[in-house]
A.B. asks: 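Got a structure for you, questions after.
Chain letters run A, B, ... following the sequence lines, proteins first, then strands; residues in each count from 1. Every heavy atom of this structure was used, including side-chain atoms; hydrogens, water molecules and symmetry mates were not.
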Amino acid sequence: MSNSEVRVRFAPSPTGYLHVGGARTALYNYLFAKRNGGKFILRIEDTDEARSTEEFIRMQMDDLKWLGLDWDEGPEWKTLKDSGAYGPYRQSQRLDIYKKYADQLMDSGRAYYCFLTDPEIEIQRQAAMKSGRPPQVNSPYRNWPKEKALEKMAKGDKAVVRFKVKDEEKRDYHLPDLVRSDVRFPSDMVGDFVLLRASGMPVYNFCCAVDDALMKISHVFRAEDHLSNTLRQMMIYDELGFKQPQFGHISLILGSDRQKLSKRHGAASCHEYKVNGYLPEALNNFIALLGWSSPNAQEILTMKEMAEQFHYDRLNSAAAVFDPQKLMWVNSQHLRALPNEELWKLVEPFLNEAGLTLPSDTDWRMKALEVYKTGMNTLKDAVEAFRPLSESPIELSPEAQETLTWPSTRIVVEAWRKGVEQTGSDYLSEEQFNKLQDQIKDEQNVKGKHLFMPIRVAVIGKPHGTELKMLVPLLHKRTLVARAENVLSQIKG
RNA sequence: GUCCCCUUCGUCUAGAGGCCUAGGACAACUCCCUUUCACGGAGUAGACACGAGUUCGAAUCUCGUAGGGGACGCCA
């Protein structure tokens, strides 16, 4: 194993946005490849004609790109053109390959045409369950000669191709698993399964086995729900004489109710996290920790650090519950670690989308970010943080109403408005602000919260928030005056 | 129903027979910093599913029970 090349793959079926569970699988494979100087391959499993679309392929790719999980081989981003020596990388374009192997199995007597209909299969299922047997298909066609089947098909009858599971010799299949304790499957655990649909389109277990072998995949890290599929794939490997990759079945990600994570638990797709202002490195960091731990107990890791530290021996075999609160914390940590210039670039689209008009000079932006950075958990939080800094009028928050009832408020705000108006420059400096505040304190004989809360209400419409000496220098004089006047007009009596 | 997997604080986890009166992180709570809010800092509370066995010694090994999850498709 050490002298053969590490080749891992991520093989999504394009039926929507990239799911966080899928993202984690992709991430582990990616990290494993990076750690071992191997290749990370993207293969598109689009054999479900009803649900797979090119649009979905693009969406999946966009999400992978956003996460920074670049693939070495696979369809190219945007063009979808194959890149790599083992293509095509879309299963829908490998149909002739699967056909060839299906024929081979047919000729060796390990596959057969089956004409069972859905209702017939359902009756078998019910009967099997009732008598305590696993619901397996028992096809009357499994020993038909090929010619007889072909004749029937010539008359227009549709048939699937089934793999003939050997029932004469019952044996245990042994699966050495990189993540959990080794698994033993009894060979009668599965019934004859479908290889090719009536339409000729191959089915997952078949193409997966064929492709992993042909694409020289060395390790397969995939979710646990594929564990029982592995037996079918092992049978195919055996029969076709393929070398089996090493498997590692990762635990599932669950929602708060301990069911498989899905849309009903809230955001389950990477795209939603992107739109909601999460950083890709934070999402990677968080999902990596759902089932893997850093050897030195690090909680906040960059992609580079994860790639340096990743090993499957630290993969956890137990399922993990997705905790949005912790994700938010992880996000806030990554966000704070970002240089302001970079952070601004990321925040700007959210501010624009919210329609905020803010000063364009870099100095102002950096200062403003410095002020609000520690209060932000997501990029989107910038919108509410920056809203009071835009020139548009502000609304008074309900909690500001109490401040308005204080007798001193009118006096303070009036003095504030006058003071600001008399300032020579467009913006007050921190020193100018301090001076003005002291002046009001002395002249009006007001101090403590009766002094700064009214001023803050006059500035941002809320009694709580950032330190005034940081905040005030970010606002244009005329905005400050306009807001002070607005507040004065709302004080009764 | 059948088979397979899993089981340490509410959540993510550390832990590979003595280092464990079980460590860390998120969340919760308390205090400090702060003329507010956050940030930050210091603390408190909180777990080895249960029962047998192996052993001088078990969170760690074995078996059983219970619970959870997954699979059983012409979905992947």
A.B. asks: Please tell me whether A:Arg51 and A:Ser13 have a donor and an acceptor in their side chains that are separated by less than 3.5 angstrom.
C.D. replies: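 A:Ser13 and A:Arg51 do not have a side-chain donor-acceptor pair below 3.5 Å.
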A.B. asks: Report which part of the nucleic acid A:Arg162 touches: base, sugar-phosphate, or nothing (heavy-atom distance under 4.0 Å, all strands).
C.D. replies: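 If one applies the 4.0 Å heavy-atom cut-off, A:Arg162 turns out to touch the sugar-phosphate alone, with no base involved.
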A.B. asks: Take atom CG of A:Leu289 and atom C1' of B:C26, then tell me their distance rounded to the nearest Å.
C.D. replies: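 To the nearest whole Å, that distance equals 11 Å.
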A.B. asks: Under a 3.5 Å limit for both distances, which nucleotide forms a Watson-Crick or G-U wobble pair with B:U7, could you say?
C.D. replies: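 For B:U7, the partner nucleotide comes out as B:A66, under the 3.5 Å rule.
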A.B. asks: Are A:Leu327 and A:Tyr273 side-chain neighbours, meaning at least one heavy-atom pair lies under 4.5 Å?
C.D. replies: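 Side chain of A:Leu327 against side chain of A:Tyr273, heavy atoms only: contact under 4.5 Å found.
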A.B. asks: Just by distance, with hydrogens left out, do A:Asp192 and A:Tyr112 show a side-chain donor and acceptor under 3.5 Å apart?
C.D. replies: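 Yes, side-chain donor-acceptor contact under 3.5 Å.
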A.B. asks: May I ask you to decide if the ring planes of A:Tyr141 and A:Phe115 are parallel, tilted or perpendicular, using 30° and 60° as cut-offs?
C.D. replies: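 Taking A:Phe115 first and then A:Tyr141, their aromatic rings stand perpendicular (interplane angle over 60°).
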A.B. asks: Hunt down the Watson-Crick or G-U wobble partner of B:G73, both distances under 3.5 Å, from any strand shown, or write none.
C.D. replies: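 Looking at the geometry, B:G73 pairs with no nucleotide.
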A.B. asks: For B:U35, which nucleotide is its Watson-Crick or G-U wobble mate, given both distances must be under 3.5 Å?
C.D. replies: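 When the pairing criteria are applied, nothing turns out to pair with B:U35, so the answer is none.
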A.B. asks: With both distances under 3.5 Å as the test, what is the Watson-Crick or G-U wobble partner of B:A58?
C.D. replies: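 B:A58 is unpaired by these criteria.
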A.B. asks: Give the B/S/- string for nucleotides 32-40 of chain B, one per nucleotide from 5' to 3', where a protein heavy atom under 4.0 Å of the base yields B, of only the sugar-phosphate yields S, and otherwise -.
C.D. replies: ---BBBSSS
A.B. asks: Any strand counts, and the cut-off is 3.5 Å on both contacts for Watson-Crick or G-U wobble. Which nucleotide pairs with B:U44?
C.D. replies: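 When the pairing criteria are applied, B:A28 turns out to be the nucleotide that pairs with B:U44.
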A.B. asks: Would you mind pulling out the nucleotide paired to B:A16, Watson-Crick or G-U wobble, both distances under 3.5 Å?
C.D. replies: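 Pairing partner, where one exists within any strand: none, as none qualifies.
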A.B. asks: Indicate yes or no: does A:Arg58 engage A:Glu55 in a salt bridge with an N to O separation below 4.0 Å.
C.D. replies: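 Looking at A:Arg58 and A:Glu55, the cut-off is not met.
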A.B. asks: Any N or O donor-acceptor pair under 3.5 Å from the base of B:A25 to the side chain of A:Lys326?
C.D. replies: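 Answer yes: a donor N or O sits under 3.5 Å from an acceptor.
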A.B. asks: Round to a whole Å and report the spacing from CE of A:Met201 to C1' of B:A76.
C.D. replies: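 So the two atoms are 13 Å apart, to the nearest Å.
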A.B. asks: Determine: side-chain N/O of A:Arg125 to OP1/OP2 of B:G73, distance under 4.0 Å, yes or no.
C.D. replies: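 Yes, within the criterion.
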A.B. asks: A:Ile250 near the nucleic acid: base, sugar-phosphate alone, or nothing, with a heavy-atom cut-off under 4.0 Å?
C.D. replies: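 Nothing, no heavy atom under 4.0 Å.
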A.B. asks: Less than 4.0 angstrom between a side-chain N/O of A:Ser228 and OP1 or OP2 of B:G70, yes or no?
C.D. replies: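 No, because none of the side-chain N or O atoms of A:Ser228 sits under 4.0 Å from OP1 or OP2 of B:G70.
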A.B. asks: May I ask you to say what A:Gly191 touches in the nucleic acid, namely base, sugar-phosphate or nothing, with a heavy-atom cut-off under 4.0 Å?
C.D. replies: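 Touches nothing.
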A.B. asks: So, does the side chain of A:Gln259 form a donor-acceptor pair with the base of B:G69 at under 3.5 Å?
C.D. replies: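 Between B:G69 and A:Gln259, which were checked side chain against base, a qualifying N/O pair under 3.5 Å is absent.
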A.B. asks: Reckon A:His249 touches a base, only the sugar-phosphate, or nothing at all at heavy-atom distances under 4.0 Å?
C.D. replies: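 Counting heavy atoms under 4.0 Å across all strands, no contact is made by A:His249.
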A.B. asks: Regarding A:Ala320, tell me which of base, sugar-phosphate or nothing describes its non-hydrogen contacts under 4.0 Å with the strands shown.
C.D. replies: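 Touches sugar-phosphate only.
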A.B. asks: Take A:Glu120 and A:Gln124 through the side-chain hydrogen bond (donor to acceptor under 3.5 Å, both in side chains) test and state the conclusion after the steps.
C.D. replies: CA-CA 6 Å; A:Glu120 285 170 338; A:Gln124 285 195 9; over 6 Å; no
A.B. asks: Indicate the atoms forming the closest heavy-atom contact of A:Ala128 with A:Gln136, along with that distance.
C.D. replies: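 For A:Ala128 and A:Gln136, the tightest heavy-atom pair comes out as CB-N, 4.5 Å.
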A.B. asks: Think A:Arg314 has a side-chain N or O under 4.0 angstrom from the OP1 or OP2 of B:G15?
C.D. replies: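 The answer is yes; a side-chain N or O of A:Arg314 sits under 4.0 Å from OP1 or OP2.
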